[in-house]
Student: 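Input: one structure, supplied below.
Chain naming here is simple, since letters A, B, ... match the order of the sequence lines and numbering starts at 1 in each. Atom set for the values below is all heavy atoms of this structure, side chains included, hydrogens, waters and symmetry mates excluded. Remember, predicted model here, so these are calculated numbers, not experimental data.
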Amino acid sequence: MTYEIEMIGIRKEFPGVVANDNIDFAVRKGEIHALVGENGAGKSTLMNVLFGLYQPDAGTIKIRGEEVKFNNNLDSIAKGIGMVHQSFKLVPSFTVAENITLGHEPSKLGFVDKDAVRENVIKISKRFGLKVDPDSRIRDMPVGIQQRVEILKALYLLSDILILDEPTGVLTPQETDELFEVVRSLVATGITVIFITHKFREVMAISDRVTVLRDGKWIGTKDTKDTNPKELARMMVGREVLLRIDKTEANPKEQVLTVENLKVLDNRLQEAVRDVSLSVKAGEILGIAGVEGNGQRELVEGIIGLRTAVAGDIRINGKSITKMSVRQRRDYGISCVPEDRYVRGVALRASLEDNLIIENYDKAPISKGQVLNLKKIAQHASRLISEFDIRTPSSKVIASTLSGGNLQKVVLAREIDARPKLLIVAQPTRGLDVGSIEFVHRRILEARDRGAAVLLVSAELEEVMSLSDRIAVLYEGNIVGTVKGGEATEEELGLMMAGITDEGEDQRDSHSVEQQVSQEV
Amino acid sequence: MDTSVLVDILQRYVFNVANLQGMLRLSTPVILAGLCALITARAGILNIAGEGMILFGAWFAVAGSYYTQNSYVGLAVAILSGLVVGGLFALFSLKFGANIIVMGIAINIFAVSATIFMTRIVFGVAGSFMHPNIQGFSPIHIPLIKDIPILGGILSGYTFPVYLTWLLVLLTTIFLYRTPWGIHLRAVGESPEAARTQGINVERVRFLSVMASGVFASLAGSYLSLGHMVGFFDQMSAGRGFIGMAVNTFGGGEPVGVFLSSLLFGLTDTIGFRLQGERIIPIYFISMLPYFVTLIALTYFTIRKAQVAKAVFKKKAAQAEAER
């Protein structure tokens with residue numbers, strides 16, 4: 001039997017790293033083939049080789065039995081390969097239709113035929129049942145729709161091999177199910193799908209076969225029905241891992257964070273947080289669930305002071321911090337692990353030592369008067385490096401040389417070591433591998449047990465459910481419901497994330513929040 | 001000073017048809033320099049070599065016109081030089097990976113000494129080169145339009161490059177928004193990864209955009225040496241390459257925006273010329289004026305823009321407050 005795609009003995013080296021080491025990878029026509037592995041296992045490199053963005057140092061690629069050599073992705077597109085990247089490759093100021101047809105615009109006499117652009121996009125969107133507004137600009141679109149545009153982009157180029165790179169990170173469970181439906185219907189029309197993911201639930205739910213990579217090597221390919229998440233995790237990490245963290249009962253104490261009727265605007269000056277009231281007690285984790293783009297970022301930035309609260313009040317231990325600067329708030333006991341570690345979490349060009357003292361560089365013993373104590377800084381760094389198991393050759397290397405998981409440990413180390421009253425963690429495990437996720441989760445729980453109030457914002461429902469003592473669901477800038485951590489079901493939360501609430505329950509929940517708030521006042 | 005004197009001064013030096021003509025004439029090289037900056041900026045390249053490329057354009061226009069006694073041949077030679085200089089600039093910075101800022105500075109410095117050197121070797125004179133053989137552009141009077149009172153005076157009677165420039169503002173706009181190439185250029189500038197994954201050759205688009213910027217710069221240069229003046233003078237680009245970058249930023253990267261912000265420079269430049277004739281203000285101060293006023297105005301308007309955005313924000317916030 002000839003395979004649709006056959007990659008044999010693929011090797012790809014980057015300076016200092018072998019990203020792909022003699023990998024064999026074969027996909028049958030019309031199957032959904034999951035490709036799993038930790039970050040840095042070589043999944044993306046392998047797919048970029050298949051997509052023609054990288055040229056392999058060794059090995060051959062066969063498409064439908066025919067040996068091919070891709071010099072760039074035009075060659076692979078011509079062979080019917082389409083890729084939906086994890087970080088979207090869209091032009092923000094262009095419309096949906098312009099993005100889908102980019103590079104392949106229908107034109108008349110050298111001018112772009114704008115009507116044809118629109119019509120083609122409407123046609124393809126109807127055919128595959130992926131609804132989009134062709135005239136909206138990408139920068140005004142929520143991420144979920146942006147992903148839809150990405151898929152349409154690939155379909156527009158008549159791809160019959162579709163590579164989906166971690167496509168579900170930004171979707172609600174219902175949207176994920178919808179995506180699965182779309183993928184299945186695509187497969188029914190003869191399209192072959194490679195599904196890159198690190199969520200075992202998805203592997204089990206959608207794939208026919210699964211291939212595991214680790215450290216740039218091929219570990220195994222299995223029929224999905226013959227394997228299970230535990231086995232996959234072991235293959236991926238190379239040791240036993242806890243898939244769901246053991247957690248002791250919370251022991252909530254005094255109320256730390258009180259947010260009352262908070263309203264925050266986003267960059268487009270729209271109300272991103274409309275009217276949010278919530279509270280977090282010392283020693284508990286409040287999880288904020290919700291599809292990305294429903295006000296999570298603005299809520300976090302509002303609390304830590306990066307955005308002005310248009311209305312409402314934020315209090316820590318009863319004292320209003322609404323008018324305080326970011327620095328004052330931090331000094332008052334707020335720490336934050338921001339959602340984008342590369343932009344706000346670390347200074348990429350600064351050393352680890354410097355990154356670890358951003359919080360306390362102006363305080364003894366790190367500095368005395370205006371002079372930094374270099375010896376103390378080095379000690380501080382090496383203590384945190386060993387406490388948080390940061391894998392680095394030295395404390396002097398610049399942050400950008402570290403992997404994503406290690407960088408996140410740097411951020412966590414700095415923020416947790418400040419011993420905050422309130423610890424905010426936003427998307428703490430985005431892009432991290434199973435091993436690092438376990439570590440990060442344990443540290444968050446430790447901070448809670450030490451008595452910090454923890455506000456966890458995450459698009460990963462599983463994460464919110466396994467860590468939180470209480471879960472609040474954010475939808476279009478409002479909290480549409482609050483449930484106990486242990487009692488929530490994925491379906492129930494998923495419906496709330498989509499803004500569907502049972503009227504009576506919704507009332508009760510918002511009342512209970514208001515009551516809580518009014519008690520403290 | 002009573003008001004009538006002031007009105008008289010304003011009429012003589014600022015608001016009259018001759019000044020409007022001067023404004024449109026003198027803004028021409030700035031518009032072209034602005035388009036030079038625009039076409040690379042929209043492709044995601046910070047190109048500071050406009051100044052040097054203008055100077056080369058000016059020199060080759062003079063050379064072409066001198067040997068053939070035809071200003072249009074001079075223009076063609078200048079365009080050719082723009083393609084060559086732009087191409088070399090792109091080759092070194094984009095293909096061979098030289099730092100584009102360092103490369104740009106190198107071209108700017110090289111252009112100054114190279115043109116002086118070439119003037120000496122080729123024409124055997126030092127400094128400036130004027131000669132009756134050098135044909136400048138002659139004014140074109142557009143039939144019908146030239147007979148319209150006042151407006152005819154403002155719209156007609158310019159040299160070929162002036163009209164060409166107006167046309168180029170229009171064509172660049174059409175190019176950017178209506179042609180596949182223009183769309184690709186904007187995609188490359190805004191999100192090169194998106195363009196690349198759609199099979200657009202990012203490097204080629206950038207290469208061509210730098211060459212196009214060379215053409216715009218050489219047009220600016222030929223206007224300076226065959227329209228504005230006739231002959232070549234040391235460093236006659238006089239900072240217009242950099243002013244071009246400023247008007248592009250201020251014009252929001254839009255050709256029409258570049259056109260309008262360039263008019264400001266053209267106007268102050270014109271007023272400067274009028275005042276020079278009067279010898280009431282030191283001449284060095286007057287020479288500085290167009291640059292000074294342009295930069296101050298651009299800074300002011302940029303700050304103002306931010307303030308307006310802030311005011312809108314405050315208004316929205318107040319509205320939100322009122323709704324509660």
Side-chain angles (χ1 to χ4, degrees), chain A residues 48 51-53 72-78 82-85 87-95 98-114 117 138-139 149-150 153-154 156-157 163 261 263-271 273-275 307-312, chain B residues 38 41-44 97 170-209 252-254 257 305-324:
Chain A
N48 282 329
F51 193 48
L53 290 174
N72 54 49
N73 59 322
L74 272 183
D75 295 351
S76 61
I77 289 170
M83 184 156 177
V84 174
H85 295 265
S87 53
F88 300 144
K89 315 277 190 194
L90 296 168
V91 187
S93 78
F94 281 25
T95 66
E98 283 171 340
N99 266 288
I100 292 174
T101 56
L102 179 63
H104 308 84
E105 301 85 357
S107 58
K108 253 192 224 158
L109 306 166
F111 293 98
V112 174
D113 185 348
K114 293 214 162 188
V117 167
I138 288 294
R139 59 164 180 247
V149 175
E150 281 283 8
K153 243 167 76 177
Y156 183 75
L157 300 178
I163 306 167
N261 305 107
K263 191 189 292 261
V264 184
L265 305 183
D266 64 13
N267 290 343
R268 289 175 288 135
L269 304 175
Q270 305 296 313
E271 286 177 22
V273 174
R274 291 171 197 271
D275 185 9
R307 263 172 215 280
T308 335
V310 178
Chain B
L38 179 147
R42 290 305 288 261
L170 188 70
L171 289 180
T172 310
T173 309
I174 293 172
F175 169 79
L176 283 178
Y177 291 97
R178 299 279 170 213
T179 68
W181 281 33
I183 289 178
H184 297 179
L185 182 102
R186 288 190 292 132
V188 165
E190 200 177 328
S191 177
E193 282 309 304
R196 204 187 307 277
T197 51
Q198 286 298 92
I200 293 169
N201 189 333
V202 174
E203 285 69 32
R204 190 171 66 194
V205 169
R206 291 198 161 147
F207 202 104
L208 291 175
S209 88
E254 301 294 342
K305 248 191 211 164
Q307 279 175 341
V308 168
K310 216 170 169 184
V312 171
F313 179 89
K314 277 198 177 142
K315 203 172 149 199
K316 285 225 176 187
Q319 267 174 4
E321 187 76 21
E323 276 170 27
R324 281 183 70 210

Student: Tell me, which pairs form a side-chain hydrogen bond (donor to acceptor under 3.5 Å, both in side chains) where one or both residues lie in residues 178-188 of chain B, sequence neighbours left out?
Tutor: A:Glu105-B:His184

Student: How far does OG1 of B:Thr197 sit from CG of A:Asn72, to the nearest 0.5 angstrom?
Tutor: 12.0 Å

Student: For A:Phe51, which residues count as a ring-ring contact (aromatic ring centres under 6.0 Å, His included) partner, sequence neighbours excluded?
Tutor: A:His85

Student: Taking everything shown except B:Arg204 itself, do over 12 heavy atoms lie less than 6.0 Å from its CZ?
Tutor: no

Student: Do you know which two heavy atoms are closest between B:Pro180 and A:Ser107, and how far apart they sit?
Tutor: CG-CB, 4.0 Å

Student: Sequence neighbours excluded, which residues qualify as salt bridge (Lys or Arg N to Asp or Glu O under 4.0 Å) partners of B:Arg206?
Tutor: none

Student: Identify which part of A:Ile138 has an atom lying under 4.5 Å from any heavy atom of chain B, answering side chain, backbone, both or neither.
Tutor: neither

Student: Do side-chain atoms of B:Gln198 reach the backbone of A:Leu102 as a donor and acceptor pair under 3.5 angstrom?
Tutor: yes

Student: Would you mind checking which part of B:Ile200 comes under 4.5 Å of any heavy atom in chain A, side chain (CB onward), backbone (N, CA, C, O), both or neither?
Tutor: side chain

Student: As an exercise: rank A:Gly82, A:Gly110, A:Ser76, A:Pro106 by heavy-atom pairs under 4.5 Å with chain B and give me the winner.
Tutor: A:Gly110

Student: By a 4.5 Å heavy-atom criterion (distance strictly below it), what part of A:Asp275 contacts chain B: side chain, backbone, both, or neither?
Tutor: neither

Student: Under 4.5 Å, heavy atom to heavy atom, which residues of residues 188-196 of chain B contact chain A?
Tutor: B:Glu190, B:Ser191, B:Glu193, B:Ala194, B:Ala195, B:Arg196

Student: Let me know if B:Phe175 has heavy atoms under 4.5 Å from chain A in its side chain, its backbone, both or neither.
Tutor: neither

